[in-house]
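Remarks on the structure that follows.
Proteins come first, then strands; the chains are lettered A, B, ... in the order of their sequence lines, and each starts at number 1. These values consider heavy atoms only, across backbone and side chains, with no hydrogens, waters or symmetry-generated copies.
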Protein chains: 2
Amino acid sequence: MKQLKDTSAEERILEAAKVVFMKYGLYGARMQDIADTAGINKALLHYYFRNKEKMFDKVFEGALQKYFQSVDVFGDTTLPIKERIFKYIDNIVSFLSEYPQMTMFIIKEISINPEMFKEKLQALKRGRTVRFIQALEEEMSAGKLRKIDPVMFMINLHSLCTYPFIAAPLFKHALKANGKDYEKDFSPEKLKQSAKNFVELTLGK
Amino acid sequence: MKQLKDTSAEERILEAAKVVFMKYGLYGARMQDIADTAGINKALLHYYFRNKEKMFDKVFEGALQKYFQSVDVFGDTTLPIKERIFKYIDNIVSFLSEYPQMTMFIIKEISINPEMFKEKLQALKRGRTVRFIQALEEEMSAGKLRKIDPVMFMINLHSLCTYPFIAAPLFKHALKANGKDYEKDFSPEKLKQSAKNFVELTLGK
DNA sequence: TTTGCATTTAACCAAATGGTTAAACCATTC
DNA sequence: GAATGGTTTAACCATTTGGTTAAATGCAAA
């Protein structure tokens with residue numbers, strides 16, 4: 001089992017909890033596994049974070065915070081629409097390059113236990129997405145953007161930016177067959193460019 | 001001849017195992033939970049499927065089988081390229097409409113325990129994807145399709161078809177704010193149409 | 001040096017969990 | 001009716017797991 005060191009115990013525990021919870025989820029994660037990964041005794045976990053759920057909460061809250069930070073740019077009304085979209089692409093792809101498991105973690109845990117996170121989710125969104133969709137519709141009506149289904153556009157945009165990270169293990173496997181180097185196809189820069197192409201292609205310029 | 005009950009115990013167990021394993025994964029799932037869901041005694045599980053891992057194997061094998069069935073059409077060289085793509089879109093979207101959690105289940109379990117599934121994955125793919133990408137490249141060279149990065153195209157195509165199901169819980173939450181009925185935006189038919197538009201747009205006609 | 005406090009540990013504990021066993025049930029066959 | 005064999009169950013068992021406790025350690029202030 002991999003160990004983390006060279007930081008305070010509390011930090012090491014949180015970092016280890018992040019790793020283990022992301023991999024196994026709330027139910028699948030084992031306290032002993034977290035302790036081993038952090039390189040400390042199991043009792044320490046309970047000293048710093050009363051119990052498993054409280055520890056999970058800390059980890060999940062941090063994850064949500066960081067995740068929704070990428071989406072916040074949609075609400076920045078000082079920027080023109082397309083720039084907001086491009087910034088979102090840069091944000092989310094860079095973020096997921098660092099934490100490729102984040103999307104699955106958040107979605108899985110929410111779908112397992114929706115009640116647990118209702119308030120937290122409610123606090124994070126304040127109609128950002130819905131308002132942005134309205135802004136899209138307005139520009140389409142004004143003839144500044146091609147008229148398409150704005151909701152489907154948003155879904156597609158998120159899909160292009162997010163799924164490549166989720167499915168990376170499968171893709172790598174499916175594409176590994178001849179001598180070609182497919183790692184480069186997952187480079188963040190290529191993904192960003194591809195998503196931006198999609199935006200230009202569908203919204204017109 | 002033995003009379004089939006409308007649902008035999010064994011079938012009910014497998015069905016319950018599917019539900020519970022998909023939700024919690026191998027480590028997170030509890031045998032008692034599976035037994036309760038199936039409405040039988042816990043010992044029955046071990047009677048039909050020796051142990052947890054063997055039961056999981058059965059479930060996972062079935063999942064893989066069904067999942068890769070959707071992709072098989074890429075290898076059907078009797079069909080023109082674009083028709084293969086369109087058929088894949090129809091296949092995968094219809095399949096995921098029925099089992100929205102399938103993608104996450106497969107990817108999660110593989111990423112947790114890659115060794116466990118190496119052989120099974122190896123058996124399922126025989127360069128299908130790689131050969132299809134070569135076919136794409138040939139048609140591009142022949143001027144029949146617009147010249148784009150074929151690997152990125154495949155990644156994008158899968159993303160558009162798959163991610164909407166994965167993220168449905170999040171999307172529904174993010175979009176639920178005014179009186180609009182957003183359920184229709186997740187209709188399989190709309191998704192298929194949107195993915196096909198993407199294909200036409202990027203590969204040219 | 002000693003006091004006080006945060007940090008750390010080994011040793012436990014009760015409950016949950018995967019798994020076993022032996023017996024009961026029940027329809028069919030002899 | 002007895003034997004057969006697949007099906008079902010309650011009662012167990014050993015291990016794992018989340019959580020507790022009391023004592024040890026280190027360290028900074030008095």
Report the distance from atom [atom1] of [X] to atom [atom2] of [N], rounded to the nearest whole Å.
X     : N      : atom1 : atom2 : value
A:Y47 : D:dG19 : OH    : P     : 18 Å
B:L45 : D:dT8  : CG    : P     : 12 Å
A:Y27 : D:dG18 : OH    : P     : 13 Å
B:H46 : D:dA10 : NE2   : P     : 16 Å
B:M31 : D:dT15 : CE    : P     : 18 Å
B:F49 : C:dG19 : CZ    : C1'   : 16 Å
B:D36 : C:dT17 : CG    : C1'   : 13 Å
B:Y48 : C:dG19 : OH    : P     : 18 Å

For B:A35, answer base if it contacts any base atom (sugar-phosphate contacts may also be present), sugar-phosphate if it contacts only those atoms, and nothing otherwise; contact means non-hydrogen atoms under 4.0 Å. nothing
Listed nucleotide nearest any side-chain atom of [X], set [options]:
X     : options                : result
A:N51 : D:dT20, C:dT17, D:dG19 : D:dG19
A:L44 : C:dT8, D:dT21, D:dT9   : C:dT8
B:K52 : C:dG18, D:dT20, D:dG19 : C:dG18
A:N41 : C:dA10, D:dT9, C:dT8   : C:dA10

Look only at the side chain of A:R84 and the backbone of A:L79, and say whether a donor-acceptor pair between them is shorter than 3.5 Å.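 Side chain of A:R84 to backbone of A:L79, a donor-acceptor pair under 3.5 Å: yes, one is there.
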Decide if the gap between the ring center of A:F60 and the ring center of A:F117 is smaller than 6.0 angstrom. yes
Under 3.5 Å donor-acceptor pair, A:K42 side-chain atoms to D:dG18 base atoms: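 Such a pair exists between side chain and base.
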Are any of the side-chain nitrogens in B:K196 or B:D90 under 4.0 Å away from the carboxylate oxygens of its partner?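 Result for this pair is yes, salt bridge flagged.
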Quick check on DNA chain D: between A:R50 and A:R30, whose nearest nucleotide comes earlier from the 5' end?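 Here A:R30 is the residue nearer the 5' end.
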Applying side chain to side chain donor-acceptor pair (under 3.5 Å), run through A:K23 and B:S111 and close with a yes or a no. CA-CA 8 Å; A:K23 189 165 175 187; B:S111 82; over 6 Å; no
Distance-only side-chain donor-acceptor flag, A:D36 / A:Q32, under 3.5 Å: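 Short answer, yes.
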